[in-house]
Every structure is written in structure tokens, then in C-alpha cells.
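The structure appears right after this line, and notes come after that.
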Amino acid sequence: MDFKIEIAKLLDSKIESLNQEEIFGLIEYPKNTEMGDFAFPCFRLAKEYRKAPPMIAGELVEAIGQVEMLESVEAVGGYLNFKINKEVFARTVLEGVLDMGDDYGKQTVGENKKVIVEFSSTNIAKPFHIGHIRSTMIGNSLNRIYKMLGYDTVAINHLGDYGTQFGKLIVAYKLWGSREAIEKNPIPELLKIYVKFHEEAEEKPELEDEARAWFTKLENDDKEAYELWSWFREVSLKEFNRVYSLLGVEFDSYDGESFYSDKMGAVLEDMRNKNVMEVSEGAEIVNLEEYDMTPALITKKDGSSLYITRDLAAAIYRKNNYEFFKNIYVVGSQQKLHFSQLFKILELMGYAWSEDCTHVDFGMVSLAEGTMSTRKGRVVFLEEVLLKAIEEIKKVIDEKNPNLEGKEDVARQVGVGAVVFQELFNNRIKDYTFSWEKALSFEGETGPYVQYTHARACSVLRKADLDYKNEIDFSKLDDKASMDLLRELAKFPKIIQDAGNKNEPSIITRYVVGIAQLFNRFYHDNPILTDDKELTKARLSLVYASKVTIKNGLYLVSIEAPERM
Ligand code: ARG
């Protein structure tokens, strides 16, 4: 039962001039829940009733009279304040959760619709650094959120595995590389020679020409070039996958830039036929002046393609291959212009579905020393951060709970969870400066706090040997702490929708912290194991509902919930 809808229905039967939907839209949640669970402002009715709002409110109270689902209806100022009958409310919420069990939160709004979530999209042979955590975790969470809403999702890692930098890497490898060293320690070694290339090329610009020549070879399927490239790709992916598995991140596809290298020709033809491009100094561009954007360079003078060319091919391929309802790109806000150009060009090509493409952007991570720079070798590896966090948590466990079962695994879940939680706690658009101290702090509103609350709930349920899922006396949950918790638990499905609509995982992260706080308050105020068996059962069922909600909420933001800590 959705109480807001029920109240709208009730009011609709008493008010002529507004329909149910309009009434629904006007209903508010009072900030102070002592006032009521819902409020309806009567100001809009003043004209029609030719009366002051407080009087209208009074008359409506009379008209409504006694209703089973309501504890009270009061007129306060120009408002009608509704208090839901506590027992009815508790029953409705908890039976809803008990009914769905571990699936609480699952919905069907997205049924039969496909959403593509492209995220992480790391660059081969380059470090997987702390900056990448953003796209990776926001994307992985959105993928889970859309799934929970019932969408069919496709998680794509649009690997940066193509482009002139591979020419540079081949030259660098041939000059200074060691196969053995790279096999052992792929990315740091590849990074080392890549950085060296840039240093040397300052003195010897002919290196750049060589690099271009090798990239052309690669484009023309030269055997040596291809083999080196696929080896770089393979060893890099192995390393990325180690980090993905630490983070619990999974993809359905790794079709990256190289995948589109043979699909661009047809797109270029199409663009030429549709007269979207013009030739400018031997290159082909799309003029976007009319839309207040700089021109997009599509082919270079030498005929080679660019990043955006591959993205055009990718978008069209995705539409044909997946018939998506939405195509989401989780990429930093530095690429705002790129995506605006991309979507506009698709529109100019006559693809109405360009409207279904969304750039989900986010702010930058920098270091105290300045922006991260791969070329200068100024980066913090993501894996290092995760491993350090795990190490720190291990110390805490060894100190506080040395006999914990499966403690290695718990340390990983909590250490990684702490880092991920931090990442997803703030609105994604915010820039931030990475600090070791912050990444490794576990006090206050953190992942470990929420995980610990979950483990505490699990422990209570383990100890109780009562059936808390059937024949519950819901009238026992009428104290304020229980009611506040129930009210918040009931919002979970809406919260997930909201997070999906705004592509904002932090909505879930914050919600879950709120639940943990309300749960801890409830737990502090109410002894669970009492002599009153009915009371204990009712409270246990609320503990259970809290546990499921926290667990599922954490899951949506890609954080595991150990049962013991
Ligand atoms: N590899 C790119 C980078 O690291 C991000 C790719 C974003 N996705 C896209 N379809 N362009 O900057």
C-alpha cells in the first residue's frame, strides 16, 4: 500500500476542483514528523471555495471523519496534517519487506528496456590510477541500480586500446623495452618506457615520425605491429582485471576503440552522403558553429581517424546491435565538449535516438602535488590504495577481533568498501583532492560504519531463535525510534528510482548511512531480547528489514556486506 496514493484518493473524493494526480503532486512530507506523516496544503483551493485556507482545512477534516488507515487528521494553519495509523503503517512496510525478502528494492519499471552503461574505459598500457575509481565505481553502481529497476543492462568497458600512442609505445619498446620486465610488471614498465619516449622525443623529434609510421603499420595490419599491440593489450588487461576483481566490478563487453577500427569507413561514407562534413585544409570536419561549439575534427589530413570518429562508430554500432533505450557514458567532465559534439553530430546525421545518449559526468581527482600526469609519472595507483586500506583494516581486526572467521576476506570487503564508500558519498560532480589520510579514515559516516551496523543486525538475528517472519503483532512498534526507522525503510524503492533518474549513486550511499543511524538509535533505545515474546518478535522483524535494506543498499553502491566483523 502506498499511503500517499491512498491519501490522494481520499482527498479526491472530497475535492471537486483538483484531480487525484494534482492532489498527489501537492502532498508533502512534513519536516517534523511529529506534525504528521503527510500534509496537504489548502492554499490552491482558496479561490474556488472563496474561503480562507485554514477554514477549508477545517471543513475537510470534518468531511473525512474517521478512516481506518489514519490515526488522525488535523487542520493546522492552511494545512491538513495526516498521521498514519502506526500499526497499519508498520504492517504495510514490514510485510512488504518480508514478502520480498532479499529482493527488497527490486522493481519492474525498466522491464524489456535495455540500458547501456559504459564505464571505466581505461587506457591500455597506462596506469589504472586513483582517478579511474570514479568512472569505475559510479558506472558499476549505475549498472546495478538500473538492473534493480528491472532494466536489462549491458556494462561496457570502452577500452582505450587504439590511437597514435601505440605507435609511440612500439618505438619505445623496440628501443628500450624488455619482454621479461614487462611480463613481470606490465603497466609500470610500459609506463616507464612511455615516459622515456616523451623525454627523448623532446630532443629527437624524429622519434615522433617513427611512432606515426608504426601506428600506420598497425592500422594496416602489419604482423609485428599487431602482435606487439595485442601483447600490450593482453598484459594490461590482466593487470586491470586484478583491480576489477578486488572491486567486484564486472563487464559484459570490452569492446573498446580498436573494435571500431574497421567500422569507421561506413560511418564516414554515411556522413559524406548526408553532407554533415566539410573539407577543411585536407581534413574533414563538422562545423558546429551554429550550436556554439568548436568544429569537430573527424579525419585528419593523412586520412587517419580520431577519438570522436571511433565514438561515432561505437554509438551507431550499439544502437544497431543492442537497440538500446538509453546509452550512458560515465566519463569525466573534461570531456563535456566531446560528448556534446558527438551527440549533436548523431542528431545531424538524422538519428533521433541521439536524445537517448547521456553523458554522466563527474569532477576531477587531483593530487596535493597537482593534477595527475601519466606522462610525468605523477600518479597514485588505485590498486595500491585498495591494498593499503585492506592492510589497515587487517590491523584493526587483529587488534579487536583476532579470532574472526574468514578475516582475510572480511578485511578485503571492509578495506575496499571504505575506499569505494568515500568515492560515492559525495555528489559526483564535485572535484576533490586525493588524500591518503582521508582514504584510510574509518570514523564517522563511512563504509565500515554501515557495514558494522549490518553485521550487528545479523548478529542479533543469529542469536534470536524466534520466528520473526510470521504472525507479528505490529502494534508493538509504536515508539518513535521504530517509527522513524520504518518511515525511512519504506522509502527504499523510491530512493532507487531517484538515484536512477539522476544517475547519482550518492543518493543511495547517503540513504544507507541514514538507515544505519536510525537503526543504531532504534537499537540503543529498544532492547530487542525482552521477556515479552511478541515485542521481541516485532522488533526482530524490524531488525531483519533493516538488515536487508542496508545490504541491498550497499550492494547498489558496489559494497559488500559481511555478516560478521
Ligand atoms: N579512454 C578514455 C579516457 O581515458 C575514456 C573513454 C570514454 N568513453 C568514450 N566512449 N569516449 O579518457
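Every number for a ligand or one of its atoms is a count from 1 in the order of the listing.
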Next item on the list: Report the relative orientation of the aromatic rings in Trp353 and Phe324; use parallel for angles under 30°, tilted for 30 to 60°, perpendicular for over 60°.
Entry: perpendicular
Note to self: Is the ring pair Tyr329/Phe343 parallel, tilted or perpendicular, if the boundaries are 30 and 60 degrees?
What the structure shows: tilted
Next item on the list: Would you mind running through ligand 1 and noting each atom that sits below 4.0 Å from a heavy atom of Phe339?
Entry: 9 (C), 11 (N)
Item checked: Element-labelled atoms of ligand 1 that are located less than 4.0 Å from some non-hydrogen atom of Tyr329 -> 10 (N)
[atom]: which protein heavy atom is closest, and how many Å away?
atom                    : answer
atom 8 (N) of ligand 1  : Glu118 OE2, 2.8 Å
atom 6 (C) of ligand 1  : Tyr307 OH, 3.2 Å
atom 12 (O) of ligand 1 : Gln335 NE2, 2.9 Å
atom 1 (N) of ligand 1  : Asn123 OD1, 2.7 Å

Check: Is the NZ or CZ atom of Lys106 positioned over Tyr104's six-membered ring, under 6.0 angstrom from the centre and within 45° of the axis?
Finding: no
Checklist line | Point-to-point distance, once rounded to the nearest 0.5 Å, from CE of Met137 to CD1 of Ile559 | finding: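 If we round to the nearest 0.5 Å, Met137:CE and Ile559:CD1 are 7.5 Å apart.
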Margin query: Less than 4.0 angstrom from a charged side-chain N to a carboxylate O is my criterion; do Glu118 and Arg318 meet it?
Written below: yes
Kindly list each side-chain donor-acceptor pair under 3.5 angstrom involving residues 233-240, sequence neighbours excluded, with atom names and distances?
from   : atom 1 : to     : atom 2 : distance (Å)
Arg233 : NE     : Asp161 : OD2    : 2.9
Arg233 : NH2    : Asp161 : OD2    : 3.2
Ser236 : OG     : Ala125 : N      : 3.1
Ser236 : OG     : Phe232 : O      : 2.6
Glu239 : OE1    : Ile187 : N      : 3.3

Margin query: Below the 3.5 angstrom mark, is there an N/O of Ser121, backbone or side chain, next to an N/O of ligand 1?
Written below: yes
Next item on the list: Please indicate whether any nitrogen or oxygen in Asp311 is less than 3.5 Å from any nitrogen or oxygen in ligand 1.
Entry: yes
Notebook entry, point to check: Quick one: does ligand 1 sit under 4.0 Å from the side chain of Phe119, the backbone, both or neither, non-hydrogen atoms only?
Noted result: neither
Notebook entry, point to check: With sequence neighbours left out, which residue pairs that include part of residues 407-427 fulfil the ring pair (Phe, Tyr, Trp, His ring centres under 6.0 Å) condition?
Noted result: Phe421-Phe425
